[in-house]
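For reference, the structure discussed in these notes is given below.
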Amino acid sequence: MEKYSVLQTVYKSDEPAAFKTSLESMLTQTVQPAEVVLVKDGPVPESLQSVIDELDQAYPGIIVQVQLQTNVGLGLALNEGLKCCQYELIARMDSDDISLPTRCEKQLEMFAADPELDIVGCPVKEFKDDPQHIVGVRSVPLENDAIHRYARRRDPFNHPTVMYRKSKVMKYGPYGNFRKNQDSALWLDMLSNGCKAANCPEHLLLFRFDEGTYKKRKAWINTKSLIQIRWDSCRRGFSSFWDFLIVAVAQMGIFILPTFVQKFVYTKILRRSYES
């Protein structure tokens, strides 16, 4: 099977136990990565460095540490990591989520079956506190045409699940210098330039969801960046002005209205509850 890189960042405020579980979930994939490019976005405390050292000893020769002298933000940190990735296929991962063991194997199979694919993601199960405590699912469209249509108003990928081609990311991206929603901007850049995409139908990642997630999405910096990204998409003709207006109004509503309204929309309209 084709060799691939993992691209992940770590920041001083990341929780060590969650970070260890996340990084370990990529090192123990059924098809092990050839390298894990781990970008330290500024100095990290000993509690995080000890996790890196422990896993580096347990899985020698895989973790490539990229140290940034100062915190530059997720988008720019990922761009530094992209430069260091040796392989064409790159799997993204966040430092508080958990990839299931067959995630990368399933995605590699999809790339092998369709060499024209540029991005492959998957739906996720959301958990709170304990990975066994599943509270919801986040579904995404599966086929290329449906993904392109969906992307006019909403993200068609769960960003920590994607595996993509480095050459296409570097050609049409890379990540923009946004403090938030860097992934949204990249998907729109790639899709608007004709990149072919798919999502695996299986839930291959557990996404950590807590009360802080609502606060992050309600923040003005998140609202402002998303509206700007969607306006850029409208200007270049990927989405319509009507698409932009719907997104802008919805985002302003999230920013202005009380948090309980956001929770209602999120749990009852945008997401569905998980029932075993």
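When the options D114, N144, D118 are evaluated for a side-chain hydrogen bond (donor to acceptor under 3.5 Å, both in side chains) with K196, the one that passes is D114. Paired with V124 under the rule side chain to side chain contact (heavy atoms under 4.5 Å, CB included), one option of I98, L206, N158 passes, and it is N158.
Here the closest heavy-atom approach between residue F207 and residue P160 is recorded as CD1-CG, 4.0 Å. Heavy atoms only, all atoms of each residue included: F157 and A198 are closest at CE2-O, 4.1 Å. Scanning all heavy atoms of the two residues, the minimum distance from I147 to N199 falls at CD1-ND2, 3.8 Å. Counting all heavy atoms, side chain and backbone alike, L7 lies closest to I90 at CB-CG2, 3.7 Å. Heavy-atom minimum distance, S99 versus Q29: CB-NE2, 3.8 Å. Minimum interatomic distance between Q8 and S22 (heavy atoms only, all atoms of both residues): NE2-OG, 3.3 Å.
Taking 4.0 Å as the cut-off between side-chain N and carboxylate O, K20 and D56 do not count as a salt-bridged pair. Taking the charged nitrogens against the carboxylate oxygens, D243 and R152 have no contact shorter than 4.0 Å, which rules out a salt bridge.
A distance of 8.0 Å separates CZ in R103 from OG in S25, rounded to the nearest 0.5 Å. Going from atom CD of E15 over to atom OG of S13 covers 11.5 Å, rounded to the nearest 0.5 Å. Distance check: D14 CG to T9 OG1 gives 7.0 Å after rounding to the nearest 0.5 Å. Atoms SG and NZ, on C195 and K168 in that order, are 5.0 Å from each other to the nearest 0.5 Å. In this structure, the separation between CZ on F111 and NZ on K106 is 15.5 Å, given to the nearest 0.5 Å. From Q32, atom CD reaches atom OH of Y4 across 7.5 Å, with rounding to the nearest 0.5 Å.
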### Message
Could you walk me through whether I63 and L27 satisfy the side-chain contact (heavy atoms from CB on, under 4.5 Å) test, starting with their C-alpha distance in whole Å, then the side-chain angles of each, then the deciding distance to 0.1 Å, before giving a yes or no?
### Response
CA-CA 9 Å; I63 299 175; L27 291 165; 4.2 Å; yes
### Message
Please evaluate residues V247 and I227 with respect to the criterion side-chain contact (heavy atoms from CB on, under 4.5 Å), reporting the C-alpha separation (whole Å), side-chain torsions for both, the decisive distance (0.1 Å), and the verdict.
### Response
CA-CA 7 Å; V247 173; I227 290 175; 5.8 Å; no
#### Entry: Residue pair E2, E88: steps toward the side-chain contact (heavy atoms from CB on, under 4.5 Å) verdict
CA-CA 9 Å; E2 185 173 350; E88 170 70 350; 4.2 Å; yes
#### Entry: Evaluation steps, side-chain contact (heavy atoms from CB on, under 4.5 Å), between L188 and R236
CA-CA 10 Å; L188 290 169; R236 64 175 173 250; 3.5 Å; yes
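Residue I62 is grouped with residue V51 when hydrophobic side chains (ILVMFWY) are merged at heavy-atom distances under 4.5 angstrom, including chains of intermediate members. When hydrophobic clusters are built by joining Ile, Leu, Val, Met, Phe, Trp and Tyr residues whose side-chain heavy atoms come closer than 4.5 Å, directly or via intermediates, M163 is grouped together with V31. By the rule that hydrophobic residues join a cluster once side-chain heavy atoms approach within less than 4.5 Å of another member, W242 and L226 end up as members of separate clusters. V39 is connected to L186 through a chain of hydrophobic side-chain contacts under 4.5 Å among Ile, Leu, Val, Met, Phe, Trp and Tyr, so both are in one cluster. Residue L76 is grouped with residue W187 when hydrophobic side chains (ILVMFWY) are merged at heavy-atom distances under 4.5 angstrom, including chains of intermediate members.
Using a 4.5 Å heavy-atom threshold, the side chains of L89 and Q107 count as separate. The shortest side-chain heavy-atom distance between C104 and M26 falls under the 4.5 Å cut-off. For the pair D232 and F238, the minimum side-chain heavy-atom distance is 4.5 Å or more. Between L100 and E202, the closest side-chain pair of non-hydrogen atoms is not below 4.5 Å. Between K40 and I52, some side-chain heavy-atom pair lies under the 4.5 Å cut-off. Within the 4.5 Å cutoff, side-chain heavy atoms of H159 are placed close to those of D94. You'll find the side chain of R153 stays beyond 4.5 Å of the side chain of S239, heavy atoms only. Counting heavy atoms from C-beta on, the side chains of Q65 and Q49 come closer than 4.5 Å.
Surrounding CD of Q67 are more than 12 heavy atoms belonging to other residues, nucleotides or ligands, all under 6.0 Å away. At most 12 non-hydrogen atoms from other residues, nucleotides or ligands lie less than 6.0 angstrom from CZ of R235.
A distance-only check finds no donor-acceptor pair linking the side chain of K12 to the backbone of P43 [under 3.5 Å]. No donor-acceptor pair closer than 3.5 Å links the side chain of S233 to the backbone N or O of I229. Judged by distance alone, the side chain of K128 and the main-chain N or O of V135 form no donor-acceptor pair under 3.5 Å.
Donor-acceptor pairing under 3.5 Å is lacking for the side chains of Q86 and S5.
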